[in-house]
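A short write-up of the structure that comes next.
Hydrogens, waters and symmetry mates play no part in the numbers below; they use all other heavy atoms, side chains included. Order of the sequence lines sets the chain letters (A, B, ...), proteins ahead of strands, with each chain counted from 1.
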Protein chains: 2
Amino acid sequence: METKSRIIETATALFQLKGYKGVGLNELLRECKITKGSLYHHFPNGKEELLIACLHSLNESITAQIEGIFAHYPTTLEATEAMIDMLIGQYEKTGTIIGYTVSSMVSEMATLSAPVRTACAELYYNTQAIYSKKLMAEGFTESSAQSIAVSLSALVEGGMMLCLAQKSSEPLRTVSDVLPKLLRN
Amino acid sequence: METKSRIIETATALFQLKGYKGVGLNELLRECKITKGSLYHHFPNGKEELLIACLHSLNESITAQIEGIFAHYPTTLEATEAMIDMLIGQYEKTGTIIGYTVSSMVSEMATLSAPVRTACAELYYNTQAIYSKKLMAEGFTESSAQSIAVSLSALVEGGMMLCLAQKSSEPLRTVSDVLPKLLRN
DNA sequence: GTCTATACGACGATAGAC
DNA sequence: GTCTATCGTCGTATAGAC
């Protein structure tokens, strides 16, 4: 069981960094220090089964982390700013954004594999639920809260894409600056 | 020359649909009804050179189309709404978003190939310049206009990603509804 | 549960005839 | 400028020993 979770952890990072199709099994095995036999023992249906396991794992960890941040800050604005700050910090430390986006998997696989698409959609749904809940606690109506929650996740996901293209954390900083406009009534 | 532009056109659509790594040369050749010899005559440096040509071509067509829309509507709000409406229409007609995003190329290649990353960054830069110019004409300060322009492109790009994951045009509709919050002073 | 060995197709790219 | 033929590599996946 420890091997299985190590595979998932390593594969998740690699998939986020290089995309699903960009990671060969050999590279993954080298990184995990295991062999094909072991991989196919844990994931009999191969690479796509592994990807879905990675997405479920990402879903849990991202949801937990965002929930933690949102529990710690009194307002949605402060919580979202803190979340983006964390993304920026991670980007500046590592040069990429690992652990907080499934964009590469969405754009690569959403039109090709229904199970993968569903797993990505669940992740977006969960984070939007966290945003939405806090917005309603602040007095937004349900429909307004849901609209803003969807927009927040679009803004953050798009902001990460811009950072990758520009090779700079500036887009996420800008997005963070604009949040007050979006979050006032 | 006619062959070359047909290759670019076909390849652009395929890359956007299935991602760069997801499109094999054989599939592309079949679709274009040409052979390897011809492809490598026009693109001696192979697939990545073709990708960059596609990105430049996309850059021109997207910029022109957005410029057209922004010239036609009096306010940034109306223009952006019209642009998103067009994306939604295209999505509902074809089931995917082809011709208006480079997300898949960014997330697949941005960390791997500098020329590809640069070509994507240029596209974002050009569209943001269009937004920004119109915002300034409406009285926004330069720094405010630029912040909003970056956020608009993040919002649209992220919105498309959510649509693909959810298999629904709803996220883009929601994003469109939220625009007034972002665009008022 | 992990290993080695292997199958076999697809990949991007090249050479050379026409 | 377009064709065919072919190269070497790497892709995912499987079989079977330990």
Side-chain angles (χ1 to χ4, degrees), chain A residues 1-55 57 104-105 107-117 119, chain B residues 1-55 57 104-105 107-117 119:
Chain A
M1 267 295 112
E2 188 264 334
T3 306
K4 187 167 184 176
S5 51
R6 195 174 75 250
I7 297 174
I8 292 178
E9 205 174 325
T10 310
T12 303
L14 283 174
F15 287 154
Q16 289 191 288
L17 193 60
K18 309 175 129 197
Y20 175 68
K21 299 246 172 68
V23 182
L25 291 188
N26 292 318
E27 179 184 4
L28 171 67
L29 298 173
R30 209 182 313 126
E31 211 76 29
C32 294
K33 295 188 211 305
I34 53 161
T35 57
K36 289 208 171 142
S38 181
L39 176 67
Y40 277 90
H41 169 76
H42 292 291
F43 303 95
N45 290 86
K47 200 184 176 187
E48 185 164 326
E49 183 184 352
L50 171 60
L51 171 61
I52 292 171
C54 289
L55 289 171
S57 150
S104 59
M105 273 68 102
S107 49
E108 253 185 297
M109 298 289 291
T111 55
L112 303 176
S113 160
V116 172
R117 192 189 59 70
Chain B
M1 267 301 110
E2 188 264 333
T3 307
K4 187 167 182 175
S5 53
R6 194 174 76 251
I7 297 174
I8 292 178
E9 205 175 324
T10 310
T12 302
L14 284 174
F15 286 154
Q16 289 191 288
L17 193 61
K18 308 174 128 198
Y20 175 68
K21 299 247 172 67
V23 181
L25 290 188
N26 291 318
E27 179 184 5
L28 172 66
L29 299 172
R30 210 182 312 124
E31 212 76 29
C32 294
K33 294 188 212 306
I34 53 160
T35 57
K36 288 210 171 142
S38 183
L39 176 67
Y40 276 90
H41 170 76
H42 292 291
F43 303 95
N45 289 86
K47 199 185 177 187
E48 185 163 327
E49 183 184 352
L50 171 60
L51 171 61
I52 292 171
C54 290
L55 290 171
S57 149
S104 58
M105 273 66 101
S107 50
E108 253 185 294
M109 298 289 289
T111 55
L112 302 176
S113 160
V116 172
R117 192 189 58 72

Quiz item: Does the A:Thr12 side chain pair with the main chain of A:Ile8, one donor and one acceptor, at a distance under 3.5 Å?
Solution: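 Flag set: sc A:Thr12 to bb A:Ile8 pair under 3.5 Å.
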Quiz item: Taking A:Tyr20 for the side chain and A:Glu48 for the main chain, is one N or O donor matched with an acceptor at less than 3.5 Å?
Solution: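 Checked: pair present.
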Practice problem: Would you please name every residue forming a side chain to side chain donor-acceptor pair (under 3.5 Å) with B:Glu27, sequence neighbours left out? | Solution: B:Lys18
Distance-minimising heavy-atom pair for [X] and [Y]:
X        : Y       : result
B:Lys47  : B:Val23 : NZ-O, 2.8 Å
B:Ser104 : B:Phe15 : OG-O, 3.7 Å
B:Glu108 : B:Lys21 : OE2-N, 2.9 Å
A:Ile34  : A:Thr3  : CG2-CG2, 4.1 Å

Quiz item: Quick one: are B:Ile52 and B:Val116 in side-chain contact, heavy atoms under 4.5 Å?
Solution: yes
Practice problem: Whole angstrom is fine here: how far is it from OH in B:Tyr40 over to P in C:dA13? | Solution: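 Value for this atom pair: 4 Å.
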Under 3.5 Å between N/O atoms: give me all the protein pairs with nucleotides 5-11 of chain C, atom names plus distance.
| unit_1 | atom_1 | unit_2 | atom_2 | d |
| --- | --- | --- | --- | --- |
| C:dC11 | OP2 | B:Asn26 | ND2 | 3.3 |

Quiz prompt | Nucleotide range of DNA chain D lying under 4.0 Å from chain A heavy atoms | solution =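 For DNA chain D, the relevant span reads D:dG11 to D:dT14.
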